[in-house]
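To start, the structure itself, in structure tokens.
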Amino acid sequence: HSLGSQVAYDAMNRINLVVNQGEIATYNADATCSVSSHAGITLAQQLKGFFTFGSPLDKIVFFLRENVPDSAYVRQQMVANFHGFKQRDFDLVSETKEASKYYVEVENTLKRHLDEIQWRNYFDNRDYVSGGLDYFHKVVNVDCKFGSGLFTHSHYWESPAFYDDFYFHFMVNVKRTVTPAEVEEELRRMQG
């Protein structure tokens with residue numbers, strides 16, 4: 001909710017980074033599970049989905065994104081690649097690319113392992129903090145249309161329709177996944 005959606009978004013990017021680096025004990029660098037009972041299941045399949053409500057992510061991208069000077073084209077590309085979860089191309093480097101004879105394209109070695117998970121963003125047109133998320137791709141924006149009150153930023157918490165929609169899209173037909181106890185047991189087995 002609210003600024004927590006920025007924290008969650010940063011966490012998704014961080015998870016993608018550490019998986020790419022092979023730093024999660026139960027996942028391979030290709031984001032497949034290494035636990036024998038769930039071998040081949042991807043991290044995206046385990047996470048199931050991502051949801052935000054009352055999220056200002058588009059406003060944060062527009063007003064608070066890291067401003068990198070045109071001359072720092074390598075840094076521009078690194079920032080764009082690191083913050084990649086479902087992010088549309090935000091062409092920070094096109095003018096630099098055309099204007100600089102020294103421009104060097106940096107190969108992005110980070111694979112976007114989480115871009116296929118479902119993302120639902122709940123907002124209300126009267127919520128001045130949030131809105132539909134247009135800067136990200138494959139996001140389903142759900143207008144809650146609360147219809148009452150001048151400032152609806154906290155209405156999500158008391159909306160049965162919001163909870164029903166969340167339950168239907170994220171909880172119905174959820175298949176069994178690895179339990180924490182099973183993960184701990186597998187880690188102990190792997191460590192000998």
Side-chain angles (χ1 to χ4, degrees), residues 1-24 26-35 37-62 65 80-90 108 110-127 129-146 152-180 182-183:
H1 179 248
S2 198
L3 286 176
S5 61
Q6 178 65 53
V7 174
Y9 181 79
D10 288 345
M12 293 298 280
N13 283 301
R14 178 70 178 173
I15 290 168
N16 191 64
L17 174 67
V18 295
V19 166
N20 270 275
Q21 295 173 332
E23 294 181 8
I24 297 181
T26 56
Y27 284 92
N28 303 312
D30 68 352
T32 57
C33 188
S34 61
V35 177
S37 62
H38 290 78
I41 295 175
T42 66
L43 181 60
Q45 291 168 325
Q46 285 286 101
L47 289 176
K48 306 290 186 209
F50 186 70
F51 77 99
T52 51
F53 54 105
S55 174
L57 281 171
D58 265 14
K59 293 172 175 91
I60 290 170
V61 168
F62 185 76
R65 72 177 177 269
N81 291 330
F82 177 73
H83 299 289
F85 176 61
K86 292 189 175 275
Q87 194 173 77
R88 293 187 188 276
D89 289 335
F90 194 60
N108 179 15
L110 290 177
K111 304 293 185 235
R112 289 179 160 187
H113 294 299
L114 305 177
D115 274 4
E116 294 308 313
I117 68 171
Q118 106 174 268
W119 181 355
R120 291 181 74 77
N121 174 59
Y122 300 90
F123 73 99
D124 182 74
N125 282 327
R126 293 186 187 184
D127 179 354
V129 175
S130 74
L133 300 179
D134 301 320
Y135 179 62
F136 306 91
H137 66 89
K138 296 182 182 177
V139 176
V140 175
N141 286 301
V142 179
D143 186 350
C144 292
K145 298 180 183 175
F146 292 130
T152 60
H153 189 60
S154 62
H155 282 48
Y156 307 94
W157 298 106
E158 299 163 0
S159 170
F162 165 71
Y163 287 107
D164 287 348
D165 188 81
F166 169 81
Y167 179 79
F168 177 77
H169 286 92
F170 289 98
M171 303 304 288
V172 173
N173 297 323
V174 173
K175 293 184 174 109
R176 185 184 173 281
T177 59
V178 180
T179 66
E182 290 173 319
V183 170

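Here the structure is a predicted model, which is why all the values come from computation and not from measurement.
Although no hydrogens or angles enter the test, the distance criterion places no donor-acceptor pair under 3.5 Å between the side chain of Lys145 and the main chain of Asp124. Looking only at distances, no side-chain donor or acceptor of Gln6 sits under 3.5 Å from a matching main-chain atom of Leu3. Without hydrogens or angle criteria, Thr152 side chain to His155 main chain gives no donor-acceptor distance under 3.5 Å. In terms of modelled atom types and a separation under 3.5 Å, the side chain of Lys86 and the main chain of Gln118 share no donor-acceptor contact. With hydrogens and angles disregarded, a donor-acceptor distance shorter than 3.5 Å links the side chain of Ser55 to the backbone of Leu57. Side chain of His113 to main chain of Ala29: a donor-acceptor pair is present (N/O by atom type, distance under 3.5 Å, no hydrogens or angles).
Taking CG of Asn121 as the start and OG of Ser5 as the end, the distance is 7.5 Å to the nearest 0.5 Å. Here CZ of Arg14 is found 14.5 Å from CE of Met12. Values are rounded to the nearest 0.5 Å. Between the NE2 atom of His169 and the CG atom of Asp164 there is a distance of 11.5 Å, given to the nearest 0.5 Å. Taking CG from Asn141 and CG from Asp134, the interatomic distance works out to 6.5 Å, rounded to the nearest 0.5 Å. Interatomic distance, NE2 of His153 versus CZ of Phe123, reported as 14.5 Å (0.5 Å rounding).
For the salt bridge (charged side-chain N to carboxylate O under 4.0 Å, His left out) test, residues two or more places apart in sequence or in another chain that qualify with Asp115 are Arg112. When the salt bridge (charged side-chain N to carboxylate O under 4.0 Å, His left out) test is applied to Asp143, no partner is found at least two apart in sequence or on another chain.
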Steps toward ring-ring contact (aromatic ring centres under 6.0 Å, His included) verdict (Tyr156, Phe146): CA-CA 9 Å; Tyr156 307 94; Phe146 292 130; 5.1 Å; yes

Full working for salt bridge (Lys or Arg N to Asp or Glu O under 4.0 Å) between Arg120 and Asp165: CA-CA 10 Å; Arg120 291 181 74 77; Asp165 188 81; 2.9 Å; yes

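Just one residue in the list Tyr135, Phe136, Phe50 forms a ring pair (Phe, Tyr, Trp, His ring centres under 6.0 Å) with Phe85, and that residue is Phe50. Residue Leu43 is tested with Asn16, Ile15, Ile117 for a side-chain contact (heavy atoms from CB on, under 4.5 Å); the sole match is Ile15. Among Tyr163, Trp157, Tyr122, the one residue that satisfies the ring pair (Phe, Tyr, Trp, His ring centres under 6.0 Å) test with Phe53 is Trp157.
The shortest side-chain heavy-atom distance between Trp119 and Tyr9 falls under the 4.5 Å cut-off.
The two residues Ser34 and Asn28 have their closest heavy-atom pair at CB-OD1, 3.7 Å.
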